[in-house]
There are 2 protein chains.
Amino acid sequence: MAHDGVVEAIQTLSNQGTSGDAVETLIKTVEDYPFYKSVGFGGLPNAEGILEMDAAYMEGDTFQIGAVAGITDVKNPISVARKLSQDKFNSFRVGDGASKYAMLEGFERKNMLTKRAHRIWEKRLKEIHENNLNPYDGHDTVGAITLDKQGSMTAGTSSSGLFMKKPGRVGDSPLSGSGFYVDSEIGGAAATGLGEDLMKGCLSYEIVRLMGEGLTPQQACDQAVYSFHDKLTKRYGKCGAFSLVAMNNQGQWGVATNVEFTFSVGNHLETPQIFIANMGDNHTTNIQPITQEWLDAYEKRIKAPID
Amino acid sequence: MAHDGVVEAIQTLSNQGTSGDAVETLIKTVEDYPFYKSVGFGGLPNAEGILEMDAAYMEGDTFQIGAVAGITDVKNPISVARKLSQDKFNSFRVGDGASKYAMLEGFERKNMLTKRAHRIWEKRLKEIHENNLNPYDGHDTVGAITLDKQGSMTAGTSSSGLFMKKPGRVGDSPLSGSGFYVDSEIGGAAATGLGEDLMKGCLSYEIVRLMGEGLTPQQACDQAVYSFHDKLTKRYGKCGAFSLVAMNNQGQWGVATNVEFTFSVGNHLETPQIFIANMGDNHTTNIQPITQEWLDAYEKRIKAPID
């Protein structure tokens, strides 16, 4: 999902853009693409048919954070979050207050609900009604960590949240420490998965902290994610999907996940690459490059006609 | 502020109430009292004159979290948060979606804006206009950690947020890891202060983590709060008010703060007591019982006529 954004972000960095510019570019690319059902334009609406979006932006040099939750009708929630991060007060805005802020500040307004997303919603509503299904599935935040030539790091997230969520439901994406965290002197992390469970563990903060203790990003992801997966399963009886990515201030990266998870990595030296990760044995992660076959099937799936 | 609630909570625990019952009782007592300007009934409204409230509830046995932000016209936001904590999905609700949930679930609705709070708001608006003042001051969340005879722990927070906040502004109070965190096998922590800065440090999570490594609550508070105070001052150039309280699963407590801060502690053996804390030298905290004189002056101040 983030791959085209990663390509754009590397271009931004090559043109002397900051890590903040790179995160914003990356996430805007994902928000603007109509075939991703869980971020920005084309995202799936809540149980009442309204597309509510969450986003956050954090500067690793200063710890400044901007975030929005339950914002509607704005083209790029990540840009609103970035602007809010410059404010000392009122830097996390939710609901109508967030939408009003975006409007007053002149951010581009847009009907973000596509016909395709509306049709998927209608169809799902019918299925839930007819088959008495659990309405919740589909949560796939874009989360990104960037590092620029000056050594500054930035983290960002954007999501339309859980498909069929109740109005005003907020997941981990705009929550510092859970959805994202970054410290330019150490590194950053970002999450996707079931926000209700991710916020029980503050895993993005924990991964950054472990990298600060000297662990590699991969060691930090493995240790934080799988030990909390085990702890939550024991104490709560279940554990939702967790997928975390991390990068340290040397550009080394890591990932850990309890479900199949794809992600993209790139820098100025190599062509960005997409990988697929799965939970391995003994708190490790299996990571492999995706095949062209996988990519073709993915593209076909996300663009498949909705009957 | 929390003292009358602490007295009530101890009563609840003595009557076989759980730590969850105790936190809810404690915080409801604070929410219901009309002379606290920063929590529940009598809380000060936002810049548009609307009283928006935030609250959270976390179970230390299971890590279940319920939270609301920007909720309006509900008598006890903490009770709404507690109810939400029972849900696997949609357990954090904001804005109109949160208020609608409370209404649908039958929580008591109430106009929470008192005449006194409205008068303070009007007066402040005039002062800001006439003297070109920074509009923001007054943030005093009630945060509480409880421990019951079964060894279960619960954390809770409730706040009307920053006085004169912009509509939809959310602070740290409903954010896991920043405003609160609890693990019954270790302990819990809760925060008050400038939410925008507290969420930069995830201090409640960090304090619980440090207690898990064997630090006493006081050591954990001192280490987490003052080291992040220093780090933020260096990296961001400034640091808002931070006041954190913590208790471990043995009932030992600690506090750290970079501003004068009062708090209340009690158990079944001793009469609950109010203390005043200030930042000491070399990352320590000075803690003293308050005097009757201090208490009389406080009561006079919060009940002073508004001209």
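Below, read A as the first sequence line, B as the second, and so on, with proteins coming before strands; counting in each chain starts at 1. For the numbers below, each heavy atom of this structure counts, side chains included, while hydrogens, waters and symmetry mates do not. These numbers were taken from a predicted model, which means no experiment stands behind them.
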Do the non-hydrogen side-chain atoms of Glu206(A) and Cys202(B) ever get within less than 4.5 Å of each other?
no

Any donor and acceptor pair, going by atom type alone, linking the side chain of Ser176(B) with main-chain N or O of Met199(A) inside 3.5 Å?
yes

Please classify the contact of Asn46(B) with chain A as side chain, backbone, both or neither, using a heavy-atom distance under 4.5 Å.
neither

Above 12 or not: heavy atoms from other molecules or residues under 6.0 Å from CG of Asn131(A)?
yes

So for Phe180(B), is it side chain, backbone, both, or neither that comes closer than 4.5 Å to the heavy atoms of chain A?
neither

Can you tell me which of Leu175(B), Thr62(B), Ile65(B), Val94(B) forms the most heavy-atom pairs within a distance under 4.5 Å of chain A?
Val94(B)

Within a strict 4.5 Å, meaning less than it, do heavy atoms of the Tyr236(A) and Gln64(B) side chains meet?
yes

Under 4.5 Å from any heavy atom of chain A, what part of Glu59(B) do you find: side chain, backbone, both or neither?
neither

Pair count under 4.5 Å, heavy atoms only, with chain B: among Arg209(A), Lys88(A), Glu52(A), highest is Arg209(A)

Check whether any side-chain N or O of Arg235(A) sits under 3.5 Å from a backbone N or O of Asp61(B) as a donor-acceptor pair, and report yes or no.
yes

Please confirm whether the ring centroid of Tyr205(A) lies under 6.0 Å from the ring centroid of Tyr181(B).
no

Heavy-atom donor-acceptor pair, Arg169(A) side chain to Phe92(B) backbone, under 3.5 Å
no

Please look at Lys165(A) and chain B and tell me whether the side chain, the backbone, both or neither of the residue comes under 4.5 angstrom of a heavy atom of that chain.
both

Give a yes or no answer on whether the side chain of Asn90(B) reaches the backbone of Lys166(A) with a donor-acceptor pair at less than 3.5 Å.
yes

First locate atom CG of Asp183(B), then atom NZ of Lys200(A), and finally report the distance between them rounded to the nearest 0.5 Å.
13.5 Å

Could you state the interatomic distance from OG (Ser91(B)) to CG (Asp197(A)), rounded to the nearest 0.5 Å?
8.0 Å

Heavy atoms only, distances under 4.5 angstrom: which of Gly240(B), Ser178(B), Gly201(B), Gly171(B) has the most pairs with chain A? Name it, please.
Gly201(B)

Name the region of Lys238(B), side chain, backbone, both or neither, that has any atom closer than 4.5 Å to a heavy atom of chain A.
side chain

May I ask you to test the Lys231(A)-Phe63(B) pair for a side-chain heavy-atom distance under 4.5 Å?
yes

